[in-house]
Protein chains: 2
Amino acid sequence: MARAGVTAERLTLAAAELADEVGVENVTVAALARQFGVKDASLYFHLRNAHELRVRIALLALAELADRVADALAGRAGKDALVAFANAYRDYAREHPGRYAAMQIDLDPETAAASAGVRHAEMTRAILRGYRLSEPDQTDAVRMMHSTFHGFVSLERTGGFRHTPRPTDDSWSRALDALDAVLTNWPPR
Amino acid sequence: MARAGVTAERLTLAAAELADEVGVENVTVAALARQFGVKDASLYFHLRNAHELRVRIALLALAELADRVADALAGRAGKDALVAFANAYRDYAREHPGRYAAMQIDLDPETAAASAGVRHAEMTRAILRGYRLSEPDQTDAVRMMHSTFHGFVSLERTGGFRHTPRPTDDSWSRALDALDAVLTNWPPR
DNA sequence: GTTTTTTGCCTAGTAGGACTAGGCTGGCAC
DNA sequence: GTGCCAGCCTAGTCCTACTAGGCAAAAAAC
């Protein structure tokens, strides 16, 4: 019997693509095995369990997004950097909804610490250098930024904005303007 | 054989409680049947399918949250109202993580239109009356508000803020200050 | 280049969830 | 009382996750 050539990397990539097509919750070991023309039991040589599959998608996504953000940020500062970061984030989420959703599962501490999530944190703080904030203001500002990005993207995806005709792109750039304004005058009020 | 007295309402409530305990993704028809001391097949007399169960949890949660927000908002205006709304929202999400997660599934348009989601929208706009915004600024502001609330709560829940020791309560009130500031000077910059 | 070991895949199984078809029955309408 | 039907049942199908143990292809040892 010929070998199918399944590796952890090919598996993770296929899983990520499947997630984008059918949603993370429908990424199943069985479906993946079918794609590789292999029985599902065989995948457990490359995989501890189904949960690990999602974790791997999450780690892949975190790394991909960190790369994109790093590119977007190159040579920019201040509001320019803020907008570039934000758009890279939102674009990634829209292009890869399944991967983005996978990113939201909570990793156990050591996995998280070894993930590209730390690069995200570093880059976010790098942006804030343009706004000259010190602790604990910086942390508060980072959290506000992240909340706005994630909240907007997440609501946009699940249809939370659908009931109003206003184009979401317009609301998005206003939100970024607002974020810039508030960061410029941090701490607020 | 004695009848178990299963009704759609009791089922929904039990499902919601189960969701808060074990997460929406683990709310299963079989588990619910066990709680009622009934075979799983029997529940399909009260339920079209498993998805409907989650939709019902979502509708229940939307209604409960709308009630809470309405109470919190009574007699308040301006920043006072904003903070009351925000805290009601966050408190609900923390007390009822499963219900909150269920709220995020996207309902089909007619279900959404008949849900308590419309009350949320009305109340959000009511808050903005204190900031005297007209369209389309109002819509942008509503979206920003909602994004911040949802994003913060969601990240807090999934552990997105864990790597920094700063208490999330402090960051939260700063975020509300920021939101108030930006709404006061809308449109930004 | 043959032997040994490892590894990648297999079959065969268990267990549990979603869901359907069709049967029995307790309690209501009349 | 007779009939009806809602509310529960059994029994079955199909799917997924996951385990144990077998076999053969490829890689390593010699």
Side-chain angles (χ1 to χ4, degrees), chain A residues 1-60 98-99 101-102 104-108 111, chain B residues 1-60 98-99 101-102 104-108 111:
Chain A
M1 182 86 38
R3 305 219 165 172
V6 177
T7 65
E9 296 77 50
R10 291 186 56 198
L11 213 55
T12 305
L13 201 63
E17 264 147 33
L18 192 59
D20 287 336
E21 286 164 24
V22 302
V24 225
E25 66 282 358
N26 297 317
V27 172
T28 141
V29 177
L32 215 52
R34 278 190 292 268
Q35 271 198 14
F36 278 88
V38 151
K39 299 293 169 180
D40 57 341
S42 305
L43 294 193
Y44 289 92
F45 267 82
H46 307 279
L47 214 60
R48 238 207 319 277
N49 50 39
H51 179 250
E52 192 181 297
L53 201 56
R54 280 126 206 225
V55 170
R56 289 207 200 151
I57 300 175
L59 295 178
L60 174 70
R99 283 164 159 98
Q104 308 307 324
I105 66 174
D106 54 341
L107 308 170
D108 56 301
T111 307
Chain B
M1 182 82 41
R3 306 220 163 169
V6 177
T7 65
E9 294 79 50
R10 293 186 54 197
L11 214 55
T12 305
L13 201 62
E17 264 146 34
L18 192 60
D20 286 336
E21 287 163 24
V22 301
V24 224
E25 65 283 357
N26 296 317
V27 172
T28 142
V29 177
L32 216 51
R34 278 192 291 269
Q35 270 199 14
F36 279 89
V38 151
K39 299 293 170 180
D40 57 341
S42 306
L43 293 192
Y44 289 92
F45 267 82
H46 307 280
L47 214 60
R48 239 209 315 280
N49 51 39
H51 180 250
E52 191 181 297
L53 202 55
R54 280 128 209 223
V55 170
R56 288 206 201 153
I57 299 174
L59 295 177
L60 174 70
R99 282 163 161 100
Q104 308 306 326
I105 66 174
D106 54 340
L107 308 170
D108 56 300
T111 307

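Note: hydrogens, waters and symmetry copies are ignored here, and every other heavy atom, side chains too, is used. Chain identifiers are assigned alphabetically (A, B, ...) following the order of the sequence lines, protein sequences preceding nucleic acid strands; residue numbering begins at 1 within each chain.
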When the side chains of residues 31-50 of chain B are checked against the rest of the protein, which donor-acceptor pairs come out under 3.5 Å, sequence neighbours left out?
residue  : atom : partner  : partner atom : Å
Ser42(B) : OG   : Lys39(B) : O            : 3.3
Asn49(B) : OD1  : His51(B) : N            : 3.2
Asn49(B) : OD1  : Glu52(B) : N            : 3.0

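Distance check: Leu11(B) CG to Leu53(B) CG gives 6.0 Å after rounding to the nearest 0.5 Å.
Within residues 39-50 of chain B, the residues approached by DNA chain C to less than 4.0 Å at the level of any non-hydrogen atom are Asp40(B), Ala41(B), Tyr44(B), Asn49(B), Ala50(B), in residue-number order. Within residues 17-27 of chain B, no residue approaches DNA chain C, by heavy-atom distance under 4.0 Å.
Across every non-hydrogen atom of Arg99(A) and Ala19(A), the tightest pair is N-CB, 4.4 Å. Taking all atoms of both residues into account, the shortest heavy-atom contact from Val27(B) to Ala15(B) is CG2-O, 3.9 Å. Across all their heavy atoms, Arg54(B) and Glu25(B) have their closest contact at NH2-O, 4.0 Å. The heavy-atom pair separating Ala102(B) from Ile57(B) by the smallest distance is CB-CG2, 3.6 Å.
The side chain of Thr28(B) contributes an N or O atom lying less than 4.0 Å from OP1 or OP2 of dA18(C). For Arg34(A) and dC15(D), the shortest distance from a side-chain N or O to OP1 or OP2 is not below 4.0 Å.
Residues Leu107(B) and Leu59(B) form a side-chain contact, since some pair of their non-hydrogen atoms from C-beta on lies under 4.5 Å apart.
Distance from the side chain of Ala30(A) is smallest for dA17(D) among the nucleotides dA18(C), dC9(D), dA17(D).
Residue Thr12(A) forms a side-chain contact (heavy atoms from CB on, under 4.5 Å) with just one option from Val55(A), Thr7(A), Leu60(A), and that option is Leu60(A).
His51(B) has its NE2 atom 17 Å from the C1' atom of dG17(C), to the nearest Å.
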